Amino acid sequence: MSGCPYHQTKEVFKPFDLTNPFPFYKQAREEQPVFFSEELGYYVVTRYEDIKAVFSNWKVYTSENAQSPFRPIAPKAKQLMEAQGMIGLSGLSGRVPPDHTRIRRIVSMAFNLSRFKKLEPRIRLLAIDMIGRFEQDGHAELVRQLAYDLPALVIFMLLGVPNEDVQQVKSWAESRLLMTWGDLTEEEQLVHAQNMVNYWNYCQQLVALRKENPTDDLPGDLVRLQAEGHDISDREIAAICYSQLFAGHETTTSLIGNGIRELLLHREGWEALCANPALIPNAIEEVLRYSPSIVSWRRKALEDGEIGGVHVPAGADILLVMGSGNRDENRFEHGESFDIERPNAKEHLSFGYGIHFCLGSPLAKLESKIVLEELTRLLPDLRIKPDQQFRFAPNTSFRAPVAVEVEWNV
């Protein structure tokens, strides 16, 4: 199949515009659920069962392209990155067995629920402190004043990164997002490539420091496990840090921002949480379903096959649109509606599926739960500032409001 549904439908596929892609997703599911995008050079998959089937079949649909740039890297930018050893760099999402199995097993020994739960009191104190800084103002921009820094500070606790490095590492992470999933000019690529080199060197230094002075954090645990004989290299540990410093806060920032925005736009949901905080965990699952931090992810076909009845040749790149599958009426009744008490909300695909299911999902949900518990307790009359235009960074996959302006009575 060639040509995406441009002419025969009223909605147009704009892969780098995530302001409101959902009407197109719905139409694609109904009219052309698997199509080829000439702009991206990818087969785009929009239905729940098809997406789940591709995620499940890692032997045929490899994750090797999961973090490959959509646009070819400009020669100068590529040369800059290659000179610093940034070739084939991936934590877990772009790896396949047996390497994926080996590394994930070792990382799971350190990056697990028991370590996350130890952090819960510190996360709550952090949330209370950050909210307290603007609690008496009557207004705030919640991405900048809460959602942006809190997840970074938490992942930095896990990785042993000092607080003073927060803004710098956040900046490098944004460069990685734009370089991999954005649509940059050659000049822009060169700037962001240098930031990614700095980011990679920083991660390698994290590992080197743990060799000198053991620490009680994720890289410290991985270095210790390495010393005990587990098969993981310094470069692989640094790559895990490189991945987690990005995925561990960028997506959680998005989850918190999306969650607050959707709950305040669907006011009855916010008021229900204020009245009954026990509803918060399922509300987070519904936010992840309805307005996910990551709306799409990638795979590559290793052999000829069919997806949703459409022939997909060997070597083809595939874009799995979880943001569409999560609203598929065949899986979620009234999928276009936001319902914090939806009984099967947690069946969403926002953390992937199968062997690459996100290891950090419990931490992301824990942070979001704490933020919503404290906001509904401290600022129950929180509301969206009127006449607000929400902006979303241009890229194919990471969807979050750039700003969320709110107000309340003091």
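Please read all numbers here as calculations on a predicted model, not as lab measurements. Values reported hereafter were calculated over all heavy atoms of this structure, with side chains retained and with hydrogens, waters and symmetry mates removed.
- Classified by interplanar angle (parallel below 30°, tilted 30° to 60°, perpendicular above 60°), the ring pair Tyr199/Tyr242 is tilted.
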Evaluation steps, salt bridge (Lys or Arg N to Asp or Glu O under 4.0 Å), between Lys300 and Asp317: CA-CA 5 Å; Lys300 181 182 285 290; Asp317 288 312; 2.9 Å; yes

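- No side-chain donor from either of Ser397 and Asn395 sits under 3.5 Å from a side-chain acceptor of the other.
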Test log, rule salt bridge (Lys or Arg N to Asp or Glu O under 4.0 Å), inputs Glu329 and Lys26: CA-CA 9 Å; Glu329 300 278 354; Lys26 184 176 189 295; 5.9 Å; no

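- Atoms CD and CZ, from Glu405 and Arg261 in turn, are 13.5 Å apart once rounded to the nearest 0.5 Å.
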Criterion ring pair (Phe, Tyr, Trp, His ring centres under 6.0 Å) on Phe116 and Phe111, from CA distance to verdict: CA-CA 8 Å; Phe116 300 158; Phe111 197 69; 5.0 Å; yes

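- A side-chain N or O of Arg399 and one of Ser291 form a donor-acceptor pair less than 3.5 Å apart.
- Note: Tyr290 and His266 have perpendicular aromatic rings, judged against thresholds of 30 and 60 degrees for the angle between ring planes.
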Steps toward salt bridge (Lys or Arg N to Asp or Glu O under 4.0 Å) verdict (Glu374, Arg124): CA-CA 8 Å; Glu374 296 307 325; Arg124 191 171 300 279; 2.7 Å; yes

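- Screening residues 345-367 for salt bridge (charged side-chain N to carboxylate O under 4.0 Å, His left out) gives Glu285-Lys365, Arg331-Glu347 as the qualifying pairs, with residues at least two apart or on separate chains.
- Listed for the Trp200 side chain is no donor-acceptor partner under 3.5 Å among the backbone atoms of Asn195.
- A cation-pi arrangement, defined by a distance under 6.0 Å to the six-membered ring centre and an angle within 45 degrees of its axis, is absent between Arg299 and Tyr61.
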Glu336 vs Arg327, salt bridge (Lys or Arg N to Asp or Glu O under 4.0 Å): CA-CA, chis, key distance, verdict: CA-CA 6 Å; Glu336 297 291 337; Arg327 296 191 181 197; 2.8 Å; yes

Check against side chain to side chain contact (heavy atoms under 4.5 Å, CB included), Lys52 and Met322: CA-CA 9 Å; Lys52 189 174 178 180; Met322 299 96 72; over 6 Å; no

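- In this structure, Asn344 and Phe332 approach most closely via the heavy-atom pair O-CE2, 3.3 Å.
- Residues Asn198 and Gln194 bring a donor and an acceptor atom of their side chains to less than 3.5 Å of each other.
- Checked against the 6.0 Å centroid threshold, Phe398 and Phe392 do not count as a close aromatic pair.
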Test side chain to side chain contact (heavy atoms under 4.5 Å, CB included) applied to Arg298 and Ile318, step by step: CA-CA 6 Å; Arg298 291 179 279 172; Ile318 301 163; over 6 Å; no

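- Judged by distance alone, the side chain of Arg176 and the main-chain N or O of His192 form no donor-acceptor pair under 3.5 Å.
- Crowding of Gln168 atom CD: a count of heavy atoms from other residues, nucleotides or ligands under 6.0 Å exceeding 12.
- Using a 4.0 Å cut-off between a side-chain N of Lys or Arg and a carboxylate O of Asp or Glu, Asp216 and Arg115 qualify as a salt bridge.
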